[in-house]
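Notes follow the structure.
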Amino acid sequence: MRPVPSAPIVGPFADRLLALDLPHLDPARRRDTVEFVTRRVDSLPSVMHLGVLVIATVFRLVVATPLADRFVRLMSHLALPLLGEYVRLVRSLGYAYIWESWPDTQANGASTPEHIR
């Protein structure tokens with residue numbers, strides 16, 4: 001059985017979360033990071049992958065509305081069982097990829113200018 005790809009379900013939420021958390025992150029870097037997050041979700045064991053996609057589907061439906069940014073901000077600050085774990089999963093994968101790939105990234109997502117390095 002071929003697993004359901006997570007990019008159309010997880011990707012939009014990951015993109016919004018990273019855009020809100022790291023507003024100065026270059027869009028190309030954010031896109032690479034979202035692709036990494038979705039690849040990692042796709043590599044989860046089947047039962048866990050299914051569970052993440054069920055939760056991600058709820059988030060995806062809300063992210064498709066005009067209330068997306070409010071919802072993402074709210075969910076990123078709540079410690080709800082399972083729902084909060086999904087946010088932490090996406091955030092931790094994203095942050096790990098960003099600071100592993102571009103260690104000069106500042107806390108707001110901006111790159112350290114060449115003349116400061």
Side-chain angles (χ1 to χ4, degrees):
M1 184 167 116
R2 190 171 158 215
V4 176
S6 65
I9 301 170
V10 175
F13 175 76
D15 185 62
R16 291 306 318 139
L17 180 65
L18 292 169
L20 292 170
D21 281 358
L22 306 167
H24 297 288
L25 184 66
D26 179 68
R29 288 183 175 188
R30 189 171 69 239
R31 194 172 30 259
D32 289 347
T33 304
V34 169
E35 288 173 6
F36 172 79
V37 170
T38 59
R39 282 193 314 269
R40 295 297 296 175
V41 169
D42 285 341
S43 70
L44 291 171
S46 60
V47 173
M48 188 178 289
H49 183 252
L50 177 63
V52 168
L53 290 184
V54 167
I55 294 169
T57 300
V58 173
F59 279 70
R60 176 65 181 103
L61 292 172
V62 178
V63 168
T65 71
L67 300 174
D69 286 352
R70 271 190 167 160
F71 175 75
V72 172
R73 276 191 191 100
L74 174 68
M75 293 310 297
S76 69
H77 296 297
L78 294 178
L80 298 172
L82 296 179
L83 300 178
E85 296 300 324
Y86 173 66
V87 175
R88 282 187 287 283
L89 170 72
V90 170
R91 183 178 274 147
S92 66
L93 287 171
Y95 283 19
Y97 182 78
I98 289 166
W99 274 281
E100 224 9 75
S101 300
W102 309 288
D104 64 331
T105 303
Q106 297 176 24
N108 64 1
S111 297
T112 304
E114 289 291 326
H115 69 279
I116 295 178
R117 286 187 216 162

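Treat the numbers as computed from the prediction; the structure is a model and nothing was measured.
- Residues V87 and L78 fall within the same hydrophobic cluster, defined by Ile, Leu, Val, Met, Phe, Trp and Tyr side chains chained together at heavy-atom separations under 4.5 Å.
- Legend: residues meeting side-chain contact (heavy atoms from CB on, under 4.5 Å) with W99, ordered by chain and number and at least two apart, are L22, Y95, T105.
- Of the possible donor and acceptor atoms, none in the side chain of S101 sits under 3.5 Å from a partner among the backbone N and O of I98.
- Transitive grouping of hydrophobic side chains (ILVMFWY, heavy atoms separated by less than 4.5 Å) keeps L82 and V58 in distinct clusters.
- By the salt bridge (Lys or Arg N to Asp or Glu O under 4.0 Å) test, R40 pairs with no residue at all, sequence neighbours left out.
- Residue pairs that meet the salt bridge (charged side-chain N to carboxylate O under 4.0 Å, His left out) test with at least one member in residues 80-91, sequence neighbours left out, are D21-R91, E85-R88.
- For the residue pair L18 and G94, the shortest heavy atom distance occurs at CD2-CA, 4.4 Å.
- The minimum heavy-atom distance linking A7 with P12 is given by the pair O-CD, 3.6 Å.
- Using a 4.5 Å cut-off between side-chain heavy atoms of Ile, Leu, Val, Met, Phe, Trp and Tyr, with links allowed through other members, L89 and M48 fall into the same hydrophobic cluster.
- Both L83 and L17 are assigned to one and the same hydrophobic cluster, defined by single-linkage of ILVMFWY side chains at heavy-atom distances under 4.5 Å.
- Remark: A64 engages R60 in a side-chain contact (heavy atoms from CB on, under 4.5 Å) (not counting sequence neighbours).
- Atom-to-atom distance recorded for T33:OG1 and L93:CG is 10.5 Å, nearest 0.5 angstrom.
- In the hydrophobic clustering of this structure, I55 does not group with L61; members are Ile, Leu, Val, Met, Phe, Trp, Tyr whose side-chain heavy atoms approach within less than 4.5 Å, directly or through other members.
- Not counting sequence neighbours, the partners of S6 by the side-chain hydrogen bond (donor to acceptor under 3.5 Å, both in side chains) test are D42.
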Check residues 66-77 and write down every donor-acceptor pair under 3.5 Å in which the side-chain atom is one partner and the other belongs to a residue at least two apart or another chain.
{"unit_1": "D69", "atom_1": "OD1", "unit_2": "R16", "atom_2": "NE", "d": "2.8"}
{"unit_1": "D69", "atom_1": "OD1", "unit_2": "R16", "atom_2": "NH2", "d": "2.7"}
{"unit_1": "D69", "atom_1": "OD2", "unit_2": "R16", "atom_2": "NH2", "d": "3.3"}
{"unit_1": "S76", "atom_1": "OG", "unit_2": "V72", "atom_2": "O", "d": "3.3"}
{"unit_1": "S76", "atom_1": "OG", "unit_2": "R73", "atom_2": "O", "d": "2.8"}

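- Annotation: the span from R29 atom CZ to F36 atom CZ amounts to 15.5 Å, rounded to 0.5 Å.
- Y86 is linked by a ring pair (Phe, Tyr, Trp, His ring centres under 6.0 Å) to F13, F59, counting only residues two or more places apart in sequence or in another chain.
- Shown here are the side-chain contact (heavy atoms from CB on, under 4.5 Å) partners of A110, two or more places apart in sequence or in another chain: H24, Q106, N108.
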